[in-house]
Amino acid sequence: MQKYKKVIACFGGVAVVFIWSGWITLSRYGMKTPLTPSDLTMLRYATALCFVSPLLLWYDWKKHSLFQWLVVGLGVGFPYTLLSFYGLKTIGAAHAGVLVNGMLPVLGTVAAYFIFSQKISCLKYLAIILIFVSNVIMTGGGVVRPDMLGGLLMLVGAAVVYTAHMTGIRLWNVHFKDVIVMVPLVNVVLFLPFFLLQPTSLDQIKISELTVQAVYQGIVVNIVALMCVAYAIHHLGTIVVSLFMSFVPVITAVFGWLFLGENLNGVELLGIAGCTTGLLIYGVGAPNSLRLLLRAIRSGRV
C-alpha cells in the first residue's frame, strides 16, 4: 500500500511540474496585459476561496495554530505570488522558472538537514549541485544585469517563502484538505485591505481572459496543484518534491518558447540537459542512470 501511495505521489509531482510551468507562463502573459500583480493575486485567492467555501462549514478550526496557518498559507500565498509577479515584469518566463524553482532543491536540502536531521548520500548531494548549477547555466548570466537585479532578488525571495510552505506541511503534518482551506482564506483576509488601496485594471480585461486566469490561477494552481504538493511531501519528503519542482524551468522554457516567443538558446538547452541528468542520478543512481542511457542508445531512442 505504501509503495502504491508513493507511485501516486510521483504522478502528483509530475502533474505539479506541468501545472506550475503553465502558471509561470500564463502569469508572464498576464503581465503583458493591463492586469496588475495585485489583480492577479486577488483573482487567484478569491476564486479559490469561492470554490472551497462549503468546506469552511465543517472545518476543524482547532487542528492547527495561528502560526502554522500563517506559515503554510503565506508561504505559497500573496508574498510568494507578488514576489513572482513583480519579478516576471523584468525577467522572462524561462529565467523566472530557473530562479524560483531551481533554488528549491538547495533550500529544501538545507531545511531537511537542520529541521528534520535528514541526511542523504554524497551521490545525491552531487545530483543536487548538478541541478542547481544547470539551473544557473540556464539563465545565461542575463539576469545579473543591474536593471534586472530587483527582479532576481524578488524571485529568490519567492523561493525562500515557498520552501517555508513545504517545510511547514511536513513539520506539522498538514493534510492537503487543510492546505486548500488555509491558503485561500489566509490570503483573502490579509490581502484584501491592500488590494482595495491599489489601482486595478480588472475592468479593462475581456471576460474570457479573466475567466482563464481565474480558473487556472484559482482552481488548477491553488487547489489541484497544492493538493498534489501536500500529498507528495507526505509520501516522498521535502527534498524529493523540491527536486520535482526544480524541473519546472525545463518545462517553463519550452512553454515560453511555444506560447510567448521566448527563444531557447544553446546555453539554456545545456542547462536543461544537465538538470535532467541530475534528476536521473538522484532518482536511480549514477550507475543505473548510465545503464539506462546505454540501453536507450542501443535501442535507437537516443
Side-chain angles (χ1 to χ4, degrees), residues 19-53 69-97 99-101 143 145-162 164-165 180 182-223 225-226 252 255-256 259-262:
I19 292 172
W20 228 256
S21 300
W23 170 68
I24 293 175
T25 306
L26 188 64
S27 297
R28 177 64 172 170
Y29 171 77
M31 290 296 92
K32 295 181 179 180
T33 71
L35 286 172
T36 67
S38 295
D39 290 335
L40 284 175
T41 298
M42 196 66 217
L43 193 64
R44 172 176 179 151
Y45 297 111
T47 303
L49 183 59
C50 290
F51 194 80
V52 302
S53 56
W69 271 70
L70 292 175
V71 172
V72 173
L74 295 179
V76 71
F78 71 85
Y80 171 78
T81 57
L82 285 180
L83 287 168
S84 298
F85 290 152
Y86 280 111
L88 283 163
K89 276 185 167 292
T90 56
I91 294 178
H95 291 169
L99 292 170
V100 176
N101 299 282
V143 297
R145 300 202 312 264
D147 61 320
M148 290 189 173
L149 183 60
L152 184 151
L153 294 176
M154 288 179 184
L155 292 172
V156 171
V160 172
V161 295
Y162 190 78
H165 166 79
I180 62 173
M182 286 179 169
V183 174
L185 184 58
V186 166
N187 285 280
V188 168
V189 170
L190 295 182
F191 186 69
L192 183 59
F194 295 97
F195 174 74
L196 294 176
L197 297 175
Q198 301 293 321
T200 179
S201 301
L202 289 173
D203 57 343
Q204 301 177 29
I205 305 298
K206 295 179 181 178
I207 296 297
S208 58
E209 292 188 6
L210 274 181
T211 302
V212 170
Q213 292 284 354
V215 170
Y216 198 93
Q217 302 265 6
I219 298 176
V220 178
V221 174
N222 219 54
I223 295 178
L226 292 187
T252 302
F255 282 0
F259 303 117
L260 302 178
E262 297 178 354

S.K.: Got a second to check how far Asn187's CG is from Met42's CE, nearest 0.5 Å?
M.R.: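 Result: 9.0 Å between the selected atoms.
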S.K.: When rounded to the nearest 0.5 angstrom, what distance separates CG in Leu192 from OG1 in Thr41?
M.R.: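 Rounded to the nearest 0.5 Å, the CG-OG1 separation comes out at 12.5 Å.
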S.K.: Could you tell me whether Leu196 atom CG has more than 12 heavy atoms of other residues or ligands within 6.0 Å of it?
M.R.: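 Count over threshold, so yes.
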S.K.: Quick check: closest heavy atoms across Pro34 and Gln204, and the distance to 0.1 Å?
M.R.: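 Heavy-atom minimum between the residues: CB-OE1, 3.7 Å.
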S.K.: What are the two closest non-hydrogen atoms of Arg44 and Gln217, and how far apart are they?
M.R.: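 The answer is CG-O, 3.4 Å.
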S.K.: Is Leu49 close to Leu185 at the side-chain level, that is, under 4.5 Å between some pair of heavy atoms?
M.R.: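 Yes, side chains in contact.
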S.K.: With rounding to the nearest 0.5 angstrom, report the CG to CG distance, Asp203 to Leu210.
M.R.: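 Reported to 0.5 Å precision, the distance equals 9.5 Å.
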S.K.: Just wondering, do Asn222 and Pro184 contact through their side chains at under 4.5 Å, heavy atoms?
M.R.: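 With C-beta onward as the side chain, the pair touches.
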S.K.: Which heavy atom in Ser201 sits nearest to a heavy atom in Asp39, and how many Å separate them?
M.R.: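 For Ser201 and Asp39, the tightest heavy-atom pair comes out as N-OD2, 2.9 Å.
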S.K.: Which heavy-atom pair separates Val183 from His165 by the least distance, and what is that distance?
M.R.: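 What the structure gives for the nearest pair is CG2-CE1, 4.5 Å.
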S.K.: Going through the distances and angles, do Ile19 and Tyr216 end up as a side chain to side chain contact (heavy atoms under 4.5 Å, CB included)?
M.R.: CA-CA 9 Å; Ile19 292 172; Tyr216 198 93; 4.0 Å; yes
S.K.: Keeping Tyr45 on the side-chain end and Gly77 on the backbone end, is there a donor-acceptor pair under 3.5 Å?
M.R.: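 Here the side-chain-to-backbone pair exists.
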S.K.: Heavy atoms, side chains only, cut-off 4.5 Å: are Ser38 and Phe191 in contact?
M.R.: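 In short, these two side chains touch, coming nearer than 4.5 Å.
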S.K.: Work out which heavy atom in Val52 is nearest to a heavy atom in Ile180; give both atom names and the distance.
M.R.: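 Taking every non-hydrogen atom into account, CG2-O, 3.6 Å.
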S.K.: Any non-hydrogen side-chain atom of Leu35 less than 4.5 Å from a side-chain atom of Gln213?
M.R.: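 When only atoms from C-beta onward are counted, Gln213 and Leu35 do touch, with a gap below 4.5 Å.
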S.K.: Apply side chain to side chain contact (heavy atoms under 4.5 Å, CB included) to the pair Thr47 and Ile219, showing each step before the final yes or no.
M.R.: CA-CA 7 Å; Thr47 303; Ile219 298 176; 4.2 Å; yes
S.K.: For a 4.5 angstrom cut-off between non-hydrogen side-chain atoms, does Leu190 reach Phe78?
M.R.: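 Heavy-atom side-chain distance check passes, below 4.5 Å.
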S.K.: Got a sec: does the CZ of Phe51 have more than 12 other heavy atoms crowding it under 6.0 Å?
M.R.: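 No, the 6.0 Å shell around CZ holds no more than 12 heavy atoms from other groups.
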